[in-house]
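Some notes on the structure that comes next.
Residue numbers count from 1 along this sequence. Both counts, for ligands and for their atoms, begin at 1 and track the order of listing.
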Amino acid sequence: MFTSIQGEGTNAGTVQFFIRAATCDMQCKICDSKYSWSKGERISIQQLLDDVSTSGITNVCLTGGEIAQFKGKLAALVAFLRVRDIHIVLQTNGLHYHIDFDLIHTVGMDMKTPSTGEKSNESLILKLRSKDEVKTLIHDMVDYEYAVKINKIVRGVGCKQILQPLNLVGEDTIGDLLDKYRWICEMVVKDRRWGGDVRVIPQLHVFLWGNKRGV
Ligand code: SF4
């Protein structure tokens with residue numbers, strides 16, 4: 001758990017209380033939180049709720065690892081957070097969709113691009129609502145073209161699509177990330193194939209604090 005500014009997606013810039021679940025059922029080559037792959041610390045739902053309450057923060061981001069693996073516990077946590085009038089964002093890897101996602105204010109679903117070395121389930125996009133978002137990480141032209149392909153499904157659903165420069169941890173400098181961000185922006189501006197609500201948004205927290213853990 002930690003408190004920071006949300007660095008990704010349409011909620012970027014808001015102060016959030018992050019709950020990061022341990023373990024993931026993907027193994028992305030580019031994962032920027034590999035420390036979350038190992039077994040974490042066991043903590044009760046009551047303790048999580050107490051910590052959220054003590055923080056005084058009314059925005060919670062449920063992330064991982066892959067938090068949607070914990071279906072039953074996630075449903076209970078989400079229900080209790082809603083009772084407390086907490087705004088909930090959930091970040092998931094595109095392999096899961098549960099009925100309790102309907103109680104979440106914004107579901108941010110990754111559709112893994114070729115550079116990640118993994119593949120999400122594209123049919124899950126069809127379950128999203130207009131307030132949800134699909135995130136595609138872009139490193140090169142192959143990723144870009146995949147994101148364009150996904151855009152056809154996304155705009156049919158009416159949710160948002162976030163194009164985010166892929167951060168190669170340990171390789172990319174802030175300058176490299178800015179170059180990648182600029183390149184994606186320039187491509188999108190001149191490419192008439194895009195439709196619907198598409199936004200090019202970098203990871204703000206990386207620009208501010210680098211790849212530091214817990215920010
Ligand atoms: S889905 Fe997310 S947490 Fe899991 S390996 Fe990929 S980047 Fe890492």
Out of the candidates Val198, Ile201, Leu137, only one should pair with Leu163 under the side-chain contact (heavy atoms from CB on, under 4.5 Å) rule; please name it. Val198
When you measure from atom 6 (Fe) of ligand 1 to the N, O or S atoms of Cys31, does any of those distances fall below 2.8 Å? no
Ligand 1 atoms in contact with Trp37 (distance to a heavy atom under 4.0 Å): 5 (S), 8 (Fe)
At under 4.0 Å between heavy atoms, is it the side chain or the backbone of Cys24 that contacts ligand 1, or both, or neither? side chain
Which segment of Lys34 sits under 4.0 Å of ligand 1 when only heavy atoms are counted: neither
Atom 6 (Fe) of ligand 1: the protein heavy-atom neighbour that sits closest, reported with distance to 0.1 Å: Cys28 SG, 2.4 Å
Is the Trp183 ring parallel, tilted or perpendicular to the Tyr144 ring (thresholds 30°, 60°)? tilted
Count the heavy atoms belonging to other residues, nucleotides or ligands that lie under 6.0 Å from NZ of Lys34, then report whether that count exceeds 12. yes
Suppose we measure from atom 2 (Fe) of ligand 1 to each protein heavy atom; which comes out shortest, and what is that distance? Lys112 NZ, 3.9 Å
Looking at Glu122 and Lys149, is there a salt bridge between them, counting it only when a charged N and a carboxylate O are closer than 4.0 Å? yes
Can you tell me if NZ on Lys73 sees more than 12 non-hydrogen neighbours from other groups inside 6.0 Å? no
Against heavy atoms of Gly65, which atoms of ligand 1 measure under 4.0 Å? 3 (S)
Would the number of heavy atoms belonging to other residues, nucleotides or ligands and lying under 6.0 Å from CD1 of Ile99 be above 12? no
